[in-house]
Structure formats: C-alpha cells, structure tokens
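Values below: all heavy atoms of this structure, side chains included; hydrogens, waters and symmetry mates excluded.
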Amino acid sequence: QVQLVESGGGLVQAGGSLILSCAASGSIFSIQSMAWYRQAPGKQRELVARITSGGTTNYADLVKGRFTISRDNAKNTVYLQMNSLKPEDTAVYSCNVVTSASYWGQGTQVTVSP
C-alpha cells in the first residue's frame, strides 16, 4: 500500500501563488508518474499536471505558463507551484501516484477569490 499526504491548499487572492506538496510513503518500489488533478464543483475531475519518472512533464492548457510541477525523488514528493492564480482555479486538488497501481491523496481545497 501507498499512502499520500497532501498539504499547501488554502485561500488566496487572484494573482497570488500557492504551492502544493504530496508526500508518498509505504510500499513504494517504482513510481512511474506523479500528478495533480483537480475537481471544481459540478465539474469532472481533470488532469492539471503530470511528471514521469524520467522527468517528462505535461500540463493542462489552462495552466500552462502559470503552474509548475516538480518532484523530489529522494523524498518521493511531488510539488505543484501555482502562480497567477485565477478564480477559475478554485477546486479540490488531488495527488495521484502510479506505481503498479494508482493511488490518490485525500485532496486539498484551493480557493481563489476575485
């Protein structure tokens, strides 16, 4: 089993920044990818950013140029630096880690006020 602990969500004004982190622990043998998803009220969950074991990243078009995903392999931790936040970024952000299975964090609320 893999446990994920997320932190860093909160309330911020439009234009501000937040950084999310997700630390993985447990039976980690080989992490294939780490990613952040988000789900806003009344909407489907969507991929925000993903980083593979080789360091390849991909981003949702809506966050390109504003968000940066990174990882610390020694700590099995993934980060999401979010800059120039907009009210439409308001959502519950969840961490996803893929090893031989897919694991999800509990989610952290990000609220961006106008």
Donor-acceptor list for residues 11-24 side chains, cut-off 3.5 Å, not counting sequence neighbours:
{"unit_1": "S17", "atom_1": "OG", "unit_2": "N83", "atom_2": "OD1", "d": "2.9"}
{"unit_1": "S21", "atom_1": "OG", "unit_2": "S7", "atom_2": "OG", "d": "2.7"}

Cut-off 3.5 Å, no hydrogens considered: what does the side-chain donor-acceptor table look like for residues 38-45, sequence neighbours left out?
{"unit_1": "R38", "atom_1": "NE", "unit_2": "E46", "atom_2": "OE2", "d": "2.7"}
{"unit_1": "R38", "atom_1": "NH1", "unit_2": "D89", "atom_2": "OD1", "d": "3.0"}
{"unit_1": "R38", "atom_1": "NH1", "unit_2": "Y93", "atom_2": "OH", "d": "2.9"}
{"unit_1": "R38", "atom_1": "NH2", "unit_2": "E46", "atom_2": "OE2", "d": "3.2"}
{"unit_1": "Q39", "atom_1": "NE2", "unit_2": "K43", "atom_2": "O", "d": "3.0"}

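In this view, S113 satisfies the side chain to side chain donor-acceptor pair (under 3.5 Å) rule with no residue, not counting sequence neighbours.
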As a quick check of understanding, evaluate side-chain contact (heavy atoms from CB on, under 4.5 Å) for T56 and R50, giving each step before the final call. CA-CA 8 Å; T56 300; R50 175 184 286 117; over 6 Å; no
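Put simply, the side chain of Y79 reaches to within 4.5 Å of the side chain of D72, judged on heavy atoms.
A side-chain donor-acceptor contact under 3.5 Å links R71 to the backbone of T52. The main-chain N or O of G105 is never found under 3.5 Å from a side-chain atom of S94 such that the two would form a donor-acceptor pair.
Here the closest non-hydrogen pair linking L4 and Q106 is O-OE1, 3.6 Å. Of all the heavy atoms in A60 and L47, the pair that sits closest is CB-O, 3.3 Å. Pairing each heavy atom of G9 with each of V110, the nearest pair is CA-CG2, 4.2 Å. The two residues V48 and Y37 have their closest heavy-atom pair at CG2-C, 3.9 Å.
Once rounded to the nearest 0.5 Å, the distance linking CD1 of I51 with CH2 of W36 reads 13.0 Å.
Both M34 and V2 belong to a single network of hydrophobic side chains, linked directly or stepwise wherever heavy atoms of I, L, V, M, F, W or Y lie under 4.5 Å apart. Under the 4.5 Å side-chain heavy-atom criterion for ILVMFWY residues, no single connected hydrophobic cluster contains both V92 and F67. Hydrophobic clustering (side-chain heavy atoms under 4.5 Å, transitive across Ile, Leu, Val, Met, Phe, Trp, Tyr) groups V97 together with Y59.
Side-chain contact annotation: S25 with N76, donor-acceptor N/O pair under 3.5 Å absent.
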